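What follows is one structure encoded as structure tokens, with my remarks underneath.
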Amino acid sequence: MSEHRVRMPPQDFAKEAIKIVEAAQGKNIYLRIMGALGVYIGIMNNEKCLDLYKTIGRFSEGEFGFTDLDLVAYGKQRNAIEKFFKELSFKPDDYVNAMFSDRRLIFYHPNQLYSVDIFFSPLEFSHIIDLGKDPEKGRLKLSFPTLPLSDMVLLKLQIHDINRKDLADLAVIFSCYPISEQEEHGKINVNRIVEVLSDDWGFWYDATNNLKLLKNFLGEFIEKEHAQNYHEKIKETIKTIEELEHKIESSQKTKNWLKRAKIGTSKRWYNVVEEI
């Protein structure tokens, strides 16, 4: 992803990202926002959640800042996406778009205000998240303008070497949204998470370790003086995470999971993510 930072105020950037996704939808192109901006967009009109996001230290000095616009799309719509961004006067990254066009595309704002990094389903990072390949049947139809919350959680849980910022994103998601056992707007579908992890031992291994790290992260956070207003909320969040852990642990595992579990960590269980 780009090393440059977005040269726009957070709310203006969020509104512009939503505008792009809406314009694409008007052309039957499925683009959905993910990453930190996806988390921010979901809570930017919720004062309490926004304050928690700042207090928890996701961004330097409590101020929001983003590196680029991360989107997810379908490879079947690659040509339409390229045409769409050309019509918006965005400049393509010719090297990346030629070498990796089956996996991603990169475009640059005409005034260099930010870059757009588009990843195609299935998302292949430390672990694979399949959002479908058919625009009319895939998971991108389930939520707008961001990925479904359960998939945003999976995107964070799949990280093999998770960092503090990713833990902060997860902390805010679990603190600001209730869990559900089905797809509902504004709720985290835990059955989607359980289904994915019950079929992939390597993903399960990293995800369950990351949930433990998340609880430790939250435990350390509530001990800090500036977190005193969030004690009860964080305690509730930890209980929510423990409920998810129980559902994951008690779920029936597939033959694929059981077969890979026998090998364990004696063989690498995650993909090495290459930076472009």
Side-chain angles (χ1 to χ4, degrees), residues 34 38-39 42 52 56 122-132 139 142-143 147-184 186-223 230-273:
M34 58 182 185
V39 179
L52 171 61
I56 211 165
L123 300 173
E124 299 180 10
F125 300 117
S126 296
H127 299 281
I128 296 173
I129 300 175
D130 191 354
L131 303 166
R139 290 187 57 78
L142 300 176
S143 180
L147 268 181
L149 286 166
S150 56
D151 294 302
M152 290 180 67
V153 169
L154 284 169
L155 266 173
K156 296 297 178 179
L157 292 180
Q158 62 81 30
I159 300 171
H160 175 65
D161 290 314
I162 198 166
N163 63 36
R164 191 181 185 284
K165 289 183 177 181
D166 295 313
L167 291 172
D169 287 341
L170 280 170
V172 170
I173 293 173
F174 281 117
S175 294
C176 295
Y177 299 100
I179 61 175
S180 173
E181 294 190 350
Q182 59 188 359
E183 292 291 345
E184 294 184 72
K187 295 183 180 182
I188 305 166
N189 179 3
V190 292
N191 281 348
R192 159 67 174 169
I193 298 171
V194 170
E195 180 183 6
V196 171
L197 300 185
S198 297
D199 187 49
D200 186 332
W201 181 88
F203 198 160
W204 169 89
Y205 184 83
D206 278 339
T208 51
N209 282 335
N210 286 339
L211 287 173
K212 293 183 179 71
L213 291 173
L214 177 59
K215 288 192 297 181
N216 291 338
F217 172 83
L218 289 168
E220 292 174 1
F221 171 67
I222 61 174
E223 294 299 321
Y230 298 101
H231 282 198
E232 292 305 313
K233 169 58 71 176
I234 296 304
K235 287 179 181 177
E236 291 176 10
T237 302
I238 291 173
K239 287 182 180 179
T240 297
I241 295 166
E242 289 175 341
E243 183 177 346
L244 173 59
E245 287 180 313
H246 174 72
K247 289 180 179 294
I248 293 169
E249 201 60 38
S250 61
S251 67
Q252 184 174 352
K253 307 302 189 291
T254 66
K255 291 181 180 179
N256 288 335
W257 191 100
L258 295 170
K259 183 178 179 179
R260 183 59 184 83
K262 293 178 180 179
I263 301 171
T265 58
S266 62
K267 179 181 178 181
R268 181 161 56 82
W269 62 94
Y270 56 90
N271 302 316
V272 177
V273 180

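Quick note: residue numbers are just sequence positions, from 1. Note that this is a predicted model, so its numbers are computed, not measured.
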Going by heavy atoms in the side chains, are Glu245 and Glu242 under 4.5 Å from each other?
yes
Got a second to check how far Leu123's CG is from Asp151's CG, nearest 0.5 Å?
8.5 Å
Residue pair Phe203 / Leu154, side-chain heavy-atom distance below 4.5 Å:
yes
Any side-chain heavy-atom pair of Leu155 and Met152 under 4.5 Å
no
Distance-only polar pair, side chains of Thr237 and Lys235, donor-acceptor under 3.5 Å
no
So which heavy atom on Ile188 is nearest to which on Ser150, and how close?
CG2-CA, 4.2 Å
With a 3.5 Å distance limit and no angle check, can you tell me whether His231 reaches the backbone of Ile222 through a side-chain donor-acceptor pair?
yes
Closest non-hydrogen atom pair, Arg268 against Asn271
NH1-CA, 3.7 Å
The single option from Val273, Leu157, Val272, Asp161 that satisfies side chain to side chain contact (heavy atoms under 4.5 Å, CB included) with Ser126 is Val273
Could you give me the CA-CA distance, side-chain angles and deciding distance for Val196 and Arg192, then say whether side chain to side chain contact (heavy atoms under 4.5 Å, CB included) is met?
CA-CA 6 Å; Val196 171; Arg192 159 67 174 169; 3.6 Å; yes
Donor-acceptor pair, Ser251 side chain versus Ile248 backbone, under 3.5 Å?
yes
Backbone N or O of Glu181 within a donor-acceptor pair of the Asn191 side chain at under 3.5 Å?
yes
Quick one: pull up CG in Asp166 and CZ in Phe217 and give me the separation to the nearest 0.5 Å.
10.0 Å
Rounded to the nearest 0.5 Å, what separates atom CG in Leu211 from atom CG in Asn216?
11.0 Å
Expected output: side-chain Tyr177 to main-chain Gly42 donor-acceptor under 3.5 Å
yes
Say you draw a straight line from OG1 of Thr254 to CG of Asp199; how long is it, rounded to the nearest 0.5 Å?
3.5 Å
Between CG on residue Leu52 and OH on residue Tyr230, distance to nearest 0.5 Å:
5.5 Å
Side chains of Leu142 and Asn189: closer than 4.5 Å at any heavy-atom pair?
no
In terms of heavy-atom contacts, Ile56 and Ala168 come closest through CG2-CB, 3.9 Å
Are side-chain heavy atoms of Ile128 and Asp200 found at a separation under 4.5 Å?
no
Nearest heavy-atom neighbours spanning Trp204 and Leu197:
CB-O, 3.4 Å
Working note: Glu243 + Thr240, criterion side chain to side chain contact (heavy atoms under 4.5 Å, CB included); need CA distance, chi angles, decisive distance, verdict.
CA-CA 5 Å; Glu243 183 177 346; Thr240 297; 5.5 Å; no
So, Glu183 and Arg139, do they make that salt bridge, N to O below 4.0 Å?
yes
State, to 0.1 Å, how close Asp130 and Pro122 come at their nearest heavy-atom pair, and which atoms those are.
CA-CB, 3.9 Å
NZ/Lys156 to CG/Asp169 distance, rounded to the nearest 0.5 angstrom?
4.0 Å
Flag the pair Leu214 / Phe174 as yes when at least one side-chain heavy-atom distance between them is below 4.5 Å, and no otherwise.
yes
What do you reckon, are the aromatic ring centroids of Trp269 and His127 less than 6.0 Å apart?
no
Pair Ile162-Leu170, side chain to side chain contact (heavy atoms under 4.5 Å, CB included): steps then yes or no:
CA-CA 11 Å; Ile162 198 166; Leu170 280 170; 4.1 Å; yes
For a 4.5 angstrom cut-off between non-hydrogen side-chain atoms, does Ile129 reach Gln158?
yes
Please name the pair of heavy atoms, one in Ile159 and one in Asn210, separated by the smallest distance, quoted to 0.1 Å.
O-ND2, 2.9 Å
